[in-house]
Every structure is written in C-alpha cells, then in structure tokens.
Amino acid sequence: MSALRFAIHKTLETLQIYWELVRIMVPITIATEVMSRAGLIDIAAPALAPVMGLFGLPPELGLAWLTGMLVGIWGAIAMIFTLVPATSMSVADITVFSALVLIAHGLPIEQKIIQRAGPGFVITTIIRIAGAVAYAMILHHILETTGWLAEPLNPTWIPVVASTDWLGFLVGLLEALAVMLAILLALAWGLEVLKLTGIMALLMRILAPALRLAGIREETGQFTAVGLFLGISYGGGLLIREARTGNISPRQVFISCVFMGFAHSIIEDTLIVMALGADALGVLAGRLAFAVAATALIACVLRSIPDDTFFSWAFRRTKCEATAASR
C-alpha cells in the first residue's frame with residue numbers, strides 16, 4: 001500500500017470512529033446541559049450530601065461531585081469554592097475531593113464510549129464509582145490518621161463560573177468537537193509513526209511492568225496508554241476500532257477499559273486539581289497505584305468467571321468478539 005493510500009485509509013477509518021463519538025457526545029452533552037439548566041441536578045444533589053461524610057468532606061460538596069459525574073471535571077471544579085469557601089478547607093480536603101472527581105466524572109459520555117468498545121455500561125459505571133469511593137476513603141483515612149496535608153488550603157487558582165447562553169454553549173461544543181477531530185487524526189497518524197520508528201515499543205517497555213501488574217497485555221497496552229495520558233474519549237475511541245476487528249480478547253478490552261476508568265488524562269486533569277491546591281502524591285502517584293492494584297484484583301476475579309456469565313453481565317458479544325473469546 002502506497003503512503004498516500006495508507007494515509008487516506010487511516011483518515012477514513014478515523015473519521016468513522018469520530019462520527020461514532022460525535023453521535024454519543026452531542027446528544028448526551030445537550031441532554032445534560034438541559035438537566036443542569038432546569039435545576040434537576042440541584043434537586044438530586046441532597047442524596048449525595050450524607051455520602052461526603054465518608055470522606056470527611058462538607059456535605060455541600062455532594063452537589064459538586066454529582067455535577068462532575070454528570071457533566072465532567074470542569075463542571076465540578078467550577079462549583080467547589082462557590083459551595084465551600086477555600087478558607088474553610090484543608091489541603092487534605094481538596095485532595096480527597098479531587099480523587100473522587102478524577103476517577104468518577106463525565107460518566108454519561110465516557111461510559112457510553114466504553115460501552116461501544118464492548119464492556120457493559122452499568123457494570124463499568126458501578127466499578128468506576130466504587131473505585132472513586134474506595135480510593136477517596138483510603139486517602140481520607142490515611143490523611144486523617146497521619147495528620148498529613150492538614151494545613152489550610154491556599155489555592156493558586158480559583159475558577160470563576162462563566163455564565164453563558166445557549167448560543168455560547170453550542171459554539172463551545174462545536175469548538176470542542178473540532179479540537180477532538182484534530183487530536184484523533186493526529187493520534188491515528190502519530191501512532192503509526194511511533195510504531196514505524198520504534199518509539200512506541202520503547203514507551204510500552206517503560207509502561208509494561210505496571211500494565212502487566214494490572215493484568216493488561218501488550219495487545220491492549222498502547223490503547224490503554226493513550227487513555228492514560230489523553231483520556232477515555234481518545235483511548236476508548238481507538239479501542240472501539242480495534243475491538244471490532246476481533247483481534248483483541250474481550251476480557252482484555254474489559255480490563256483495559258476498567259483501568260482507563262480509574263486512571264485517564266493524568267496530565268491535564270492532575271494539573272487542574274493541583275492548581276486548586278490538591279497534593280500531587282494523592283491525586284497522581286496514589287491514584288496510579290490504586291488503579292494498578294484495583295484493576296489487577298478485578299482481572300483476577302474476571303479470570304474465574306465463565307464465558308456465559310461474562311458475556312451476559314459484563315460484555316456485549318459480537319461475532320468477532322465471540323471468535324476472540326476463546327483466546
């Protein structure tokens with residue numbers, strides 16, 4: 001295949017994945033915005049207020065976490081200091097809350113993308129929320145017992161909630177979709193270049209020990225790495241394409257998606273919450289260690305589950321995937 005034909009093929013392939021992601025993101029984003037503007041999120045938020053006590057956090061932050069789970073990380077951080085003054089929080093508080101939001105945010109969109117790769121929407125959403133709760137509780141108890149990070153919070157950045165009309169929202173959505181297309185095309189071409197130059201093999205050798213501990217094999221390693229650094233929309237988008245070829249074991253797809261749920265977009269998202277005052281060890285190093293350990297545990301459980309049960313409860317079976325299941 002000539003270089004030109006290869007570039008055209010790769011572009012058309014990427015555009016197919018992009019269109020699939022657009023079909024997921026646009027209706028869910030608009031529906032969530034309608035819910036937010038109608039006050040439905042505010043109505044549901046009190047149910048989460050008592051849960052904040054599990055993490056030693058003010059009950060008011062329940063609304064911010066619910067908003068983050070439905071809208072995304074930016075929806076959560078924009079509300080934090082309007083609900084609870086920074087002067088009444090500690091570094092430990094913002095670190096624990098950030099851990100919650102970093103693992104469980106943007107669930108309607110991100111889990112729908114995961115679902116298109118095969119794993120069940122409900123089971124992976126439950127796993128992701130449970131992981132957020134478990135890690136935040138562990139972190140809270142460590143910080144409370146040791147007194148570490150108990151100093152008053154002094155954020156370097158306090159987000160300002162920007163009010164916008166529907167036109168502004170739609171323009172922002174179109175801009176986000178345009179950026180997403182550019183990144184997906186760059187990723188598709190860039191991954192091929194990295195493979196040809198051997199750089200991808202080097203990067204995967206560096207990541208391989210941690211991914212192996214988590215139960216992730218080489219076949220899904222590069223897609224997991226994309227999700228780890230750039231986010232579920234990109235890692236999951238590439239995984240959708242590969243999963244449908246039947247070249248990857250459905251169980252490996254599931255484990256990869258679980259890991260990405262616990263740890264994704266670790267550069268951008270981590271820098272955002274660190275600007276709010278969160279501690280890097282808690283929101284990055286600790287979260288990565290938790291993601292590896294929790295995914296390894298789930299992978300261990302998954303190996304003991306019969307195929308019929310796995311495909312009934314955890315994975316949407318297709319013809320290609322049924323062929324790969326025996327691997």
Side-chain angles (χ1 to χ4, degrees), residues 36 41-42 44-107 110 128-162 228-229 231-232 261-291 293-294:
S36 178
I41 295 176
D42 291 8
L48 275 181
V51 178
M52 295 296 103
L54 296 173
F55 320 115
L57 297 173
E60 294 86 354
L61 289 179
L63 173 58
W65 188 34
L66 178 59
T67 302
M69 284 194 287
L70 294 176
V71 177
I73 190 169
W74 287 101
I77 65 172
M79 301 182 69
I80 295 173
F81 298 129
T82 62
L83 294 169
V84 181
T87 53
S88 64
M89 298 177 69
S90 66
V91 176
D93 291 335
I94 197 65
T95 301
V96 171
F97 182 75
S98 296
L100 270 176
V101 175
L102 287 171
I103 295 178
H105 64 262
L107 299 179
E110 293 185 348
R128 194 166 163 189
I129 294 174
V133 170
Y135 180 57
M137 287 182 66
I138 293 170
L139 192 57
H140 163 59
H141 286 297
I142 291 174
L143 298 180
E144 185 180 48
T145 302
T146 62
W148 181 43
L149 306 181
E151 62 268 23
L153 180 62
N154 183 26
T156 57
W157 172 59
I158 295 181
V160 177
V161 181
L228 178 66
F229 290 108
I232 287 177
F262 292 149
H264 58 276
S265 193
I266 61 169
I267 299 173
E268 178 186 354
D269 289 357
T270 301
L271 290 174
I272 290 169
V273 296
M274 285 178 62
L276 300 178
D279 179 76
L281 286 177
V283 297
L284 180 57
R287 180 163 59 110
L288 287 174
F290 174 82

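Computed from a predicted model, the values in this text were never measured in an experiment. For the single chain, residues carry numbers from 1 onward in sequence order.
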> Under the side-chain contact (heavy atoms from CB on, under 4.5 Å) criterion, do L48 and L63 qualify, and how do the steps go?
Replying inline: CA-CA 7 Å; L48 275 181; L63 173 58; over 6 Å; no

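- For the residue pair G131 and F262, the shortest heavy atom distance occurs at CA-CE2, 3.7 Å.
- Sorted by first and then second residue, the pairs that involve residues 128-153 and meet side-chain hydrogen bond (donor to acceptor under 3.5 Å, both in side chains), not counting sequence neighbours, are E110-R128, Q111-R128, R128-H264.
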>> For I73 and E268: C-alpha separation, side-chain torsions, deciding distance, then whether side-chain contact (heavy atoms from CB on, under 4.5 Å) applies.
In response: CA-CA 11 Å; I73 190 169; E268 178 186 354; over 6 Å; no

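- When all heavy atoms of L139 and A99 are compared, the pair lying nearest together is CD2-CB, 4.0 Å.
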What side-chain donor-acceptor pairs closer than 3.5 Å can you find for residues 276-286, not counting sequence neighbours?
{"unit_1": "D279", "atom_1": "OD2", "unit_2": "L281", "atom_2": "N", "d": "3.0"}
{"unit_1": "D279", "atom_1": "OD2", "unit_2": "G282", "atom_2": "N", "d": "3.3"}

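- Atoms CG and CH2, on L70 and W65 in that order, are 11.0 Å from each other to the nearest 0.5 Å.
- Listed by chain and number, the residues in a side-chain contact (heavy atoms from CB on, under 4.5 Å) with A49 are P59 (sequence neighbours excluded).
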> Given V273 and F97, is the side-chain contact (heavy atoms from CB on, under 4.5 Å) satisfied, shown in steps?
Replying inline: CA-CA 10 Å; V273 296; F97 182 75; over 6 Å; no

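- Contact check for F81 versus I77: no side-chain heavy atoms found under the 4.5 Å cut-off.
- M79 and T82 make their closest contact through O-OG1, 2.7 Å (heavy atoms, listed as atom of the first residue, atom of the second, distance).
- The distance from the CD1 atom of I80 to the CE atom of M89 is 6.5 Å, given to the nearest 0.5 Å.
- Across all their heavy atoms, I94 and V91 have their closest contact at CG2-O, 3.2 Å.
- Between D42 and P46 the shortest heavy-atom distance is O-CD, 3.3 Å.
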> Would V71 and I41 count as a side-chain contact (heavy atoms from CB on, under 4.5 Å) if you check the C-alpha gap in whole Å, the side-chain angles of each, and the deciding distance to 0.1 Å?
Replying inline: CA-CA 10 Å; V71 177; I41 295 176; 4.2 Å; yes

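- Closest approach of G75 and T67 over heavy atoms only: O-CG2, 3.7 Å.
- By the 4.5 Å heavy-atom criterion applied to side chains, L57 and V96 are counted as neighbours.
- D93 places none of its side-chain heavy atoms less than 4.5 Å from the side chain of L61.
- L288 has its side chain within reach of L228: a pair of non-hydrogen atoms, C-beta onward, lies under 4.5 Å apart.
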